[in-house]
Amino acid sequence: MNITLPDKSIRDLPKGSTGLDLAESIGPGLAKAAIAVVVNGIQKDLSDPINEDSNVSIITISSDEGLEIMRHTLTAQVLARAVQNLFPGTKLAIGPTINNGFYYDFESKKTISNDDLEKIEIEMRKIISTDSDIKKRLHSKQDALKIFSEKDETYKEIIINEADQDDNFQLYYQDNDEFVDLCRGPHLPNLKHIGAFKLTKVAGAYWKGDAKNKMLTRVYGTAWKNEKDLKKHLIAIEEAEKRDHRKIGKEMSLFHFQEEAPGMVFWHPRGWAIYKNLESFVRNRLEKFDYQEIKTPQVVDRKLWEASGHWDKYRENMFITEIDEEHANDKRTNALKPMNCPCHVQVYNHGLKSYRDLPVRLAEFGSCHRYEASGTLHGLMRVRGFTQDDGHIFCTESQIENETKLFIELLSGMYKDLGFDNFDIKLSTRPEVRVGSDEVWDKAEKALENAIQKLELPFEIVEGEGAFYGPKLDFVLTDAIGREWQCGTFQADFNLPDRLEAEYVGEDGSKHRPVMIHRAVLGSFERFIGILIENYSGKLPLWLAPEQVAIATIISEVDDYASEIEEELKSINIKVIKDLRNEKIGYKVREHSAAKVPIILALGAREKESRTVSVRRIGSNNTETKSLNDFIAEIKVEAKSPSS
RNA sequence: GCUCAUAUAGCUCAGCGGUAGAGCACUUGCUUGGUAAGUAAGAGGUCACCGGUUCAAGUCCGGUUAUGAGCUCCA
């Protein structure tokens, strides 16, 4: 039979040759490095026979595919075996690979904790050092079930029973046959191909990812082809931890949380300064795009939530308020608003609207409260009290396309000015369960798609992931270290205008339902500020920084000069810290650098004499001396918000 | 919400049955020093909360709350 290699060369091998035979026919080096093959696009074990003319490529650990196979073998054959060696009676569930590593889910009588990881690693290295071959046998369903039921591997039995095949269940063994695991494969032919690895954490995980099921113990690890790559990865994780907004927020005293209000931010002066800078940036942009800003109530009677449908669906996530009976006649049940849209419809409904008024664009910095499950709270990223840069557009179906286009223009400009040049767009289409006719969905999906295409932007379609009330666009930005954050959203809604009876008078003189579009660019201010802090490692651009210039004196004779500069900077709205303390300049520089003040001016006798300033910028160890007038002119321009 | 872990000074952490510790920060004295820590002294704590074991509990046990890592969830 003829085997076609990726370089199009053809080799003639006897029928039934294995991947290993093929590799050997090419060269001994490759035979040694080979770990698996891809036959006609499907990954196979090196020992699998090839029975017909095929396109075959050989996988080594240097490729992404090879690395994944190695991680897979490491978890399924080594980690699983090590845990069973150490903790007999542990049952195996599943052990897949993930980005940069792998995990395995176990059910064990012994609670496995982080302290056990080192012990498990040692056991794993012991197993690897045996250089065992990994062998595969195929079993019928019945045989496979028998093998695992004897071992009391409940989860493997479930997997086999739920599989649609009747035979060819792949079981992998190591040398002595003591350890067996069911696996789709392929695996390394021998444990000596395993590279560098480290177990990273243990955590609970539900069987099959369903909260109704039993909680299993999941052990996570990371694995690479060599020590160098492993180290690189561990350093990258450390770097990411250094920019954790909770850590930086504490260091810079931006905000805090406390027990009495879990998930609600106590903003400190400096953190709130950032918030205000961001808010006024957004406000200016919204005005430019013809939004009208409104403000609606925090506490609203349940009747409105019943009408909007939220009471039925999301009540368990709402903060409900009841008035103490002793103190009020009015015992109505209210809820803190979990979202702004029902209130926005109330504003829209006030006064008769004509088709000439559309589109109506209402915006609100809407404070919302949602009772999020306690385990999901996470710094500023996931909170219970937050403020959306929310907005709702009431328009006709035929206006959706243009509104989409305008929104993307608004959003891309804002992201760019905030320092995010790249973002992806995801278009989510109709889900199985939905409201509205197919005809309307066709039009709405088409409108969103057309708008993106006219702007010549790439996008991805996510089938069936739209909300039940309409299709949506999600905007995902990429931060400085390559992490993705979904922030912006644009959702057409055919449901709420109906439920809350929004109307406009059409050209024909009769009443029609407008389409409502829910949209946000940042998502929530809290979360977005968290993202900004992590993106910039706290070193925010001058216009967003809570304190912009620190004036640090070297000798007390220049205090008056420092005060003069302070006054001048304040007069052009620059936020200044004047540091006249009896400390050395090195001490002052260190302190203000740690506080991430963008600009430090050091003033000594020379500067006062020549009316200059010595400028030191955050992130740089160089200083630059320039005339006070030049500095003022420069900073005046630089500190301007990009929205002004 | 679930699993596991953690909770000691403003911050970072040590202490693990026998009178609460360190570094930094803070206050005061000396020091006017040229770009990431001058120097000395002082002050600062119901050891998260509630209960239990013990002659004796930050220390051991149980519960509560919060936080962390995952899981589930996110209108």
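A, B, ... follow the sequence lines: proteins, then strands. Residue 1 opens every chain. Since the model is a prediction, treat every value here as computed from it, not as a measurement. Excluded from the calculations below are hydrogen atoms, water molecules and symmetry mates; all remaining heavy atoms, backbone and side chain alike, are included.
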Need the pair for [N]. Rule: Watson-Crick or G-U wobble, both distances under 3.5 Å, any strand; none if unpaired.
N	answer
G21(B)	C13(B)
A69(B)	U3(B)
A41(B)	U27(B)

Using whole Å, what does the distance between atom [atom2] of nucleotide [N] and atom [atom1] of [X] come to?
X	N	atom1	atom2	result
R434(A)	A75(B)	CZ	P	19 Å
Y587(A)	A37(B)	OH	P	11 Å
I555(A)	U35(B)	CD1	C1'	15 Å
R384(A)	U67(B)	CZ	C1'	12 Å

Indicate, with a heavy-atom threshold strictly under 4.0 Å, whether [X] touches base, sugar-phosphate, or nothing.
X	answer
E607(A)	base
F257(A)	nothing
F468(A)	nothing
R246(A)	sugar-phosphate

ask   = Is G58(B) in the syn range, within 90° of 0, or in the anti range?
value = syn
Tell me yes or no: between the side chains of [X] and [Y], is some donor less than 3.5 Å from an acceptor?
X	Y	value
K588(A)	T553(A)	yes
E445(A)	T429(A)	no
N535(A)	R243(A)	no

Validation row, ring centre F475(A) to ring centre F407(A) under 6.0 Å = yes
request  = Identify the heavy atoms of L199(A) and E121(A) that sit nearest to each other, and give their distance.
outcome  = N-OE2, 2.8 Å
Polar side-chain contact [X]-[N] base: donor and acceptor under 3.5 Å:
X	N	result
R382(A)	C74(B)	yes
Y206(A)	G1(B)	yes
S614(A)	U35(B)	yes
S556(A)	U32(B)	yes

message = Nearest to the Y371(A) side chain among A75(B), G1(B), A36(B), which nucleotide is it?
response = G1(B)
ask   = So H518(A) and H392(A), would you call those rings parallel, tilted or perpendicular, with 30° and 60° as cut-offs?
value = perpendicular
ask   = Can you list every pair that meets salt bridge (Lys or Arg N to Asp or Glu O under 4.0 Å) and has a residue in residues 599-609 of chain A, with sequence neighbours left out?
value = D560(A)-K608(A)
Sugar-phosphate or base contact per nucleotide [nucleotides 11-16 of chain B; S, B, -; heavy atom under 4.0 Å] = SS----
